[in-house]
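Scroll down for the structure; my scribbles are underneath it.
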Amino acid sequence: MKQVFIALLIFTHFMVHSQEAGSIIGKLTDKEVNNEPLAFANVLIKNTTKGTTSDFDGLYEITGVTPGEYTLVFSFLGYETLEIPNVVVESGKVTEINTALGAGSVSLDEVVITVSTSKDSEIALLLEQKKALVIQEAISAEALKLKGIDNAAAAVSQISGISKQQGSSNVYVRGLGDRYQNTTMNGLSLPSNDVNKKNIDLDIFGSSIIENVSVSKAYGSTFYGDFAAGNVNIDSKDYTGNGYLEVSLGSGLNSNAAGENFVRSEGPSNYGFYNRYSNDPFAIVLAHGVDPQAAWDPINISGAIEGGYSFSFGKESRLSLFGATSFKNGYELLEGPARDYTNVLKTDFPNVREYSYNTTTTALANIGYRINTNHVVKLSSLFINNSVDAVGYYGINGLGRNRDAILNTDEGFYVMNAQFNQDMIFVNQLTGIHNFDDKITLGWGIGYNNVFSDEPDRKRITLENYQFALDGDNNTNPVFYTNIPFDNQRFFQSIKDDELNSYINLGYKLSEKVKLNFGYNGRTKERRFSSIRYGYEIVDRDNTPVTDVNNFNSIFNVSNINIPEGSGLYDLIVLNPINDKIGNKNRPGLPENTYTGNLDIHGVYASAELSLGEKWSLVPGFRVESFSQNVEYDVINIRPDDPGYRNVYENIYLPSLNVRYALNDDSNLRFAFSKTASFPEFKEVAPFVYESVTQRIGGNPDLLGGLNGQGPTYSDVYNFDLKYEWFLERGEIISLAAFSKTIKNPVNRVVAADATGTQRYFRTGEQADIYGVEVEFRKNLLSNTDDIPVLSFGLNAAYTSTKQDLKDIPAGSENTFGTSFDRDSDELEGASPFIINTDLNFSPVFGNYKPKATVVFSYFSDRIFSLGAGSLGNIVERSVPTLNFVWKNEIGEHFEANLSAMNLLDPEISLIRENTGVGDVIIREYTLGVNIGLTLKYKF
């Protein structure tokens, strides 16, 4: 009771004094970026300690100001400081000051000052939010810095209904996987850095090159029709202001890898580049061995440089330059079982030891030219080199099994697999924004992307009776497994993507209540794929023992090739000879598998932004899109009557409606409906089968109309969204959303119920239904005297229920490949029912020392990796909880020291095959280890 009485006294005291005092509120905009809201600028009453910063929407509020006359000071890093004298604050009233800041001189004529009757303080917070007509959530670069977030993947995981898979590039929006979402940069399409995925790895985008990251979960007609879960857009960083240069260096350790003698593939550099692309694969096989080489000590390192400068020309024109480049590497040691379970257990490796070394190199350059306040153009170039070098030893304890082994099916089966994957991406974009007479706006952009994705010189050596390598007896040794010549092989794969994409949007403001938008966006993309294998066919394996499992080069070198015949230990075999005359033995060959894919998407749209009174806002839209996809292929193991190509063309009509109802000044109710589509990817269509040690995944051309061309070529998607949002104080929100989706003719990855167990993509039924709810809560638990949050808490969670009907697909005249199910329905592949993300942020200020400590926890529940066919169960990816800690330390104006501890829980990453008849079988399992790192930054 005593506490309640004290609280009542404090509340009464606050109310009395707040009525006696006045307030200063307003909105800051950025002159350098088309008068967009300017976040985190400083607003201070001169010669006092009272002040604040503008929020995400450029809004600010200073409360409890004693009536009188003041000078208000606005400042932002790199921009000129603006002082506004003679600001009058009246008792019980609000003085509103709206202005714009820029790198150049600021005129007081651009300042708007009004004084009105006292209003609720949330009005200032919601001035810009009230203009948002569609459901979209975003997080800015400054917010990333505040929470200690250093990349785009971690940023989007702060948004409700989104999860990031630990140790993977996968980001799941509303529990739905890679197939159902898109990623763009500056509104233009981004290619994937992994051609087996649709979307780029968001880990690659460090906070130094991000202006903001936004996620659109509700469809609008400006998006491409291939939209189901959402669109993630990254705005690349600009800089306008005086010159600066920032340098950072970092290092760290992985708990699994520390102290290990690491190895990596022979050929690639330590920096993630392979330098033999100009050489023929046959020449590489002859000249270079198969054994891995020693790696650097497993210490993670990183380095980055960024800087910017601006040049003014007259009063309005400005040229702005920004550049950033970085390099980082990482070591991981993955240990655990790996198994190939088709309809029975085919291979079993109880112990796998895989040394993984990855690198990422990025470079971004932005050139922005503001012709005047109404016309801005921007050129952006992004380069990414991403590599993974993995050397895996399967069956190192001698207990590996293979049901097809020649000598011993119960033990001693062993595989060494050394592979290097390199993905180089070039993104070039030119965009512009133009305003005419306050009524007409024109936005446009054009982009050209290149992707070079290669797996050069994968080495795979297979042994039997490996247990003899462990017995210490020189008289007993393993031998090569030689069921087919390609059990010991060199593999080369190359993929090249070219894409041209563009958009143009014309906006016309009929009145304060009505704005019309018309536009076009389109993309044309081509992929060229090829692969080739060279197999080591052992001439006499019984007399070719493996006396040293760490020195295969003593056998596989050019001096031991079987030329002339009978004089060597092995022959090099290729499947596709140049011609029959020279044959396929010990001669160079042609690619074994090739395909070329072409995708053309062109859409035109119209939409309106309608404000109906004080409460209602509507955005109806309509899009017409043409979709054309062609895939031509020449691959092994395809049925002889297959035509070798698929070609489809469709016109698609996509309506959308977004509605906002303002319940009051600080809460909204939103509704959205749309019809969209889901198109198959090249890797889902091309029937090439990629073979890892324990899994085989291939495409299915029947996704484009079936073998006879009469089936569906894409999936229709119907989307419904309902959202309630309540904005509290600055940075605080409570929201609740419900959504549903219906997907016609959905695509799933399915494990074939046959001897090969190849996973392929099928249209597994007529319909999938998705229902879900999302909740988000952000609260400032503690603020300082300037009302700036010191301790804040965030939580978002989502539940998604999916159900699809399943049907048998018989191979025959209508289908190239077939599958069947022993059940009528199942969950959707790639969908996670439960997602939870929560974070706690502590940001005190001690003079020039400004630490920021952040703890982030995330969790996703089990989800289907591949549907099981026949009577066998699904391959399921087990749930993963993740706990990360980041401690950023700003010391003074120039120096920063940051400590991170990632993946603190170190959970097991598991793939499980369910309902095998002998219980659940672990397909793959390992831990990633805890990563501890320290980064030092200095800004000049």
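Keep in mind that what you see is a predicted model, and the values were worked out from it rather than measured.
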- Does the E684 side chain pair with the main chain of E681, one donor and one acceptor, at a distance under 3.5 Å? yes
Sidechain-backbone polar pair: R523 side chain, E499 backbone, donor-acceptor under 3.5 Å = no
Rounded to the nearest 0.5 Å, the CD atom of Q767 sits from the OH atom of Y718 at a distance of 9.5 Å
Original post:
Does the side chain of D497 come within less than 4.5 Å of P191's, by heavy atoms?
Top reply: no
| So, do R763 and P712 sit near enough that their side-chain heavy atoms are less than 4.5 Å apart? | yes
Distance col, row T694:OG1 vs N417:CG, nearest 0.5 angstrom, shows 10.0 Å
Six-ring centre of Y690, R458 cation under 6.0 angstrom, axis tolerance 45°
yes
Note, T184 side chain near L190 side chain (heavy atom, < 4.5 Å):
no
Q: Please confirm whether F688 and F529 have ring centers closer than 6.0 angstrom.
A: yes
Quiz item: Are the charged groups of K675 and D716 less than 4.0 angstrom apart, N to O?
Solution: yes
d(T819 OG1, F762 CZ) to nearest 0.5 Å is 5.0 Å
- Are any non-hydrogen side-chain atoms of N796 and V775 less than 4.5 angstrom apart? no
Note to self: Assess, by modelled atom type and distance only, whether the side chains of N719 and T676 contain a donor and an acceptor separated by less than 3.5 Å.
What the structure shows: yes
Q. Short question: side chain of Y224, backbone of G522 - any donor-acceptor pair under 3.5 Å?
A. yes
Please report the C-alpha distance between F627 and L599 in whole Å, then the side-chain angles of each, then the deciding distance to 0.1 Å, and finally whether the side chain to side chain contact (heavy atoms under 4.5 Å, CB included) criterion is met.
CA-CA 8 Å; F627 157 64; L599 175 69; 3.6 Å; yes
Review point. Side chain to side chain contact (heavy atoms under 4.5 Å, CB included) between F622 and Y653: does it pass, once the steps are laid out?
Key: CA-CA 8 Å; F622 192 78; Y653 304 95; 3.8 Å; yes
Between R696 and D340, is there a salt bridge with N-O shorter than 4.0 Å? yes
For this session: Taking atom types as modelled, find out whether T713 and E650 have a side-chain donor-acceptor pair closer than 3.5 angstrom.
Result: yes
Item to complete: May I ask you to check whether N233 and S216 show a side-chain donor-acceptor distance below 3.5 Å?
Response: no
- Message: Donor-acceptor check, side chain of R749 to backbone of E829, threshold 3.5 angstrom: yes or no?
- Response: no
May I ask you to check whether over 12 heavy atoms, not counting those of E814, lie within 6.0 Å of atom CD?
no
Practice problem: Give the intermediate values and the outcome of side chain to side chain contact (heavy atoms under 4.5 Å, CB included) for residues V751 and I875. | Solution: CA-CA 8 Å; V751 188; I875 296 179; 3.7 Å; yes
Taking every heavy atom of A672 against every heavy atom of A218, the minimum-distance pair comes out as CB-CB, 3.8 Å
Here the gap from N658 atom CG to L618 atom CG, rounded to the nearest 0.5 Å, amounts to 9.0 Å
Q.
Could you go through R623 and E625, starting from their C-alpha distance and side-chain angles, then the distance that decides it, and tell me whether this counts as salt bridge (Lys or Arg N to Asp or Glu O under 4.0 Å)?
A. CA-CA 6 Å; R623 179 183 180 89; E625 188 168 278; 2.7 Å; yes
* To do: Please check if the side chain of D634 supplies one atom and the backbone of N593 the other of a donor-acceptor pair under 3.5 Å.
  => no
**Message:** Less than 3.5 Å apart, any donor N or O on the side chain of D600 or T524 sitting next to an acceptor on the other?
**Reply:** yes
Looking only at heavy atoms, the pair that brings F817 and G699 closest together is CE1-O, 4.0 Å
Side chain N815, main chain P810, donor-acceptor under 3.5 Å
yes
query: Strictly by modelled atom types, are N630 and Y649 linked by a side-chain donor-acceptor pair under 3.5 Å?
result: no
Test: D920 and R878 ion pair at under 4.0 Å:
yes
With a 4.0 Å cut-off, would you call K803 and E827 a salt bridge? no
>> Between D862 (side chain only) and S879 (backbone N and O only), is there a donor and an acceptor less than 3.5 Å apart?
In response: yes
Separation between CD (E908) and CD1 (I922), nearest 0.5 Å, reads 7.5 Å
Closest heavy-atom pair, S656 versus S674, reported as atoms and distance to 0.1 Å, is CB-CB, 4.0 Å
**Message:** Regarding T462 and D487, do their side chains bring together a donor and an acceptor under 3.5 Å, going by distance alone?
**Reply:** no
Exercise. Examine the side chains of K683 and Y761 and answer whether a donor and an acceptor come within less than 3.5 Å of each other.
Key: yes
Result for side-chain contact (heavy atoms from CB on, under 4.5 Å) between P680 and one of L704, V631, V747 points to L704
| request: Classify the side-chain pair N745/S715 by whether it contains a donor and acceptor separated by less than 3.5 Å. | output: no
Q) Quick one: are L345 and R401 in side-chain contact, heavy atoms under 4.5 Å? A) yes
Please determine, by modelled atom types, if E914 and N874 share a side-chain donor-acceptor pair under 3.5 angstrom. no
Mind checking whether T764 and V750 have side chains closer than 4.5 Å, heavy atoms only? yes
### Message
side-chain hydrogen bond (donor to acceptor under 3.5 Å, both in side chains) for E592 and S531? Distances and angles first, verdict last.
### Response
CA-CA 6 Å; E592 183 177 306; S531 72; 5.6 Å; no
Tightest non-hydrogen contact, residues P701 and T816, listed as CG-OG1, 4.4 Å
* Asked: Is the backbone N or O of A737 less than 3.5 Å from a side-chain atom of R670, with the two atoms forming a donor-acceptor pair by type?
  -> no
Go through the steps to decide whether S453 and D423 satisfy the test side-chain hydrogen bond (donor to acceptor under 3.5 Å, both in side chains), and finish with yes or no. CA-CA 4 Å; S453 179; D423 300 284; 2.5 Å; yes
Got more than 12 heavy atoms from elsewhere within 6.0 Å of CG, D641?
yes
Note to self: Do Y605 and L654 make a side-chain contact, defined as non-hydrogen atoms from C-beta onward lying under 4.5 Å apart?
What the structure shows: no
Check: Is D702 salt-bridged to R646, going by a charged N under 4.0 Å from an acidic O?
Finding: yes
Fill in: Side-chain touch T802/Q804, heavy atoms, less than 4.5 angstrom
no
Per salt bridge (charged side-chain N to carboxylate O under 4.0 Å, His left out), D348 is matched among R403, R924, R339 by R339
Judged by atom type as modelled, is there a donor-acceptor pair below 3.5 Å linking the side chain of D805 to the main-chain atoms of E766? yes
Looking only at heavy atoms, the pair that brings V635 and I638 closest together is O-CG2, 3.6 Å
Distance col, row N903:CG vs L883:CG, nearest 0.5 angstrom, shows 9.0 Å
Here the pair of heavy atoms bringing F679 nearest to D226 is N-OD1, 3.5 Å
Assess the side chains of S866 and Q759: does a donor N or O sit below 3.5 Å from an acceptor N or O?
yes
So, Y394 versus F349, ring centres under 6.0 angstrom or not? yes
ask   = Is the NZ or CZ atom of R863 positioned over F860's six-membered ring, under 6.0 angstrom from the centre and within 45° of the axis?
value = yes
